[in-house]
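We use all heavy atoms of the structure for the numbers below, so side chains are in, but hydrogens, waters and symmetry mates are not.
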Amino acid sequence: VSREPGRFGTLAPASAPDGSLKPLAQELAAARSVSLGYLSENEREADGGRRERQLVLRLVNAEHPQLVRFLEDLEARGGGARIKELHLRPSREIANAYEEAEVVIARAAEKKP
């Protein structure tokens with residue numbers, strides 16, 4: 001652990017690239033102290049006959065630094081997952097925070113036969 005800290009803890013890579021992103025998102029949200037208001041995962045067809053796993057999540061009252069770190073961790077550990085869409089609604093009551101942040105994360109799956 002002391003020689004390779006990136007292989008353990010919150011920055012460890014995901015176990016399998018074809019696994020679900022939902023448990024990873026829940027784990028990282030708890031580690032980064034961001035509140036998940038909505039979480040949904042599905043598979044759909046993407047360009048070129050490929051399949052794509054998408055995770056749609058909504059964060060509530062997320063502070064900007066925690067949101068950025070959460071998204072960085074999700075991409076780093078998501079087995080090739082990338083942020084596809086990001087919709088932010090700034091908070092009127094909390095400085096440097098978002099009332100709501102909706103994120104679509106996508107990861108390419110196997111090519112359809």
Could you work out, with salt bridge (charged side-chain N to carboxylate O under 4.0 Å, His left out) as the rule, every residue matching Glu72, not counting sequence neighbours? none
Closest heavy-atom pair, Leu67 versus Ala101, reported as atoms and distance to 0.1 Å, is CD2-CB, 4.2 Å
Can you list every pair that meets ring-ring contact (aromatic ring centres under 6.0 Å, His included) and has a residue in residues 46-71, with sequence neighbours left out? His64-Tyr98
Could you state the interatomic distance from CG (Leu59) to OG (Ser35), rounded to the nearest 0.5 Å? 8.5 Å
Can you name the closest pair of heavy atoms from Leu57 and Ala25 and give their distance? CD2-CB, 4.2 Å
Do Leu71 and Leu86 pass the side chain to side chain contact (heavy atoms under 4.5 Å, CB included) test, and can you show the C-alpha distance, the side-chain angles, and the key distance before you say yes or no? CA-CA 10 Å; Leu71 295 176; Leu86 181 62; 4.3 Å; yes
Identify, with sequence neighbours excluded, every residue that meets side chain to side chain donor-acceptor pair (under 3.5 Å) alongside Glu41. Ser20
Listed partners of Arg89 passing side chain to side chain donor-acceptor pair (under 3.5 Å), at least two apart: Glu99, Glu100
Close side-chain approach of Val103 to Leu74, heavy-atom, < 4.5 Å: no
Is there a donor-acceptor pair under 3.5 Å between the side chain of Gln54 and the backbone N or O of Arg44? no
For Glu85, check side-chain contact (heavy atoms from CB on, under 4.5 Å) against everything at least two apart and list the hits. His87, Val104
Reference residue Glu52; test side chain to side chain contact (heavy atoms under 4.5 Å, CB included); the match among Arg107, Glu43, Glu45, Lys84: Lys84
Quick check for you: to the nearest 0.5 Å, what is the distance between Leu39 atom CG and Gln26 atom CD? 5.5 Å
Point-to-point distance, once rounded to the nearest 0.5 Å, from CD of Glu63 to CZ of Arg69: 10.0 Å
Same apolar cluster (I L V M F W Y, side chains within < 4.5 Å links), Val68/Ile83: no
Run the salt bridge (charged side-chain N to carboxylate O under 4.0 Å, His left out) test against Lys22 and tell me which residues pass, sequence neighbours left out. none
Does Arg58, at its CZ atom, have more than 12 non-hydrogen atoms belonging to other residues, nucleotides or ligands within less than 6.0 Å? yes
Between Arg53 and Leu21, is there a donor-acceptor pair closer than 3.5 Å when you use the side chain of the first and the backbone of the second? no
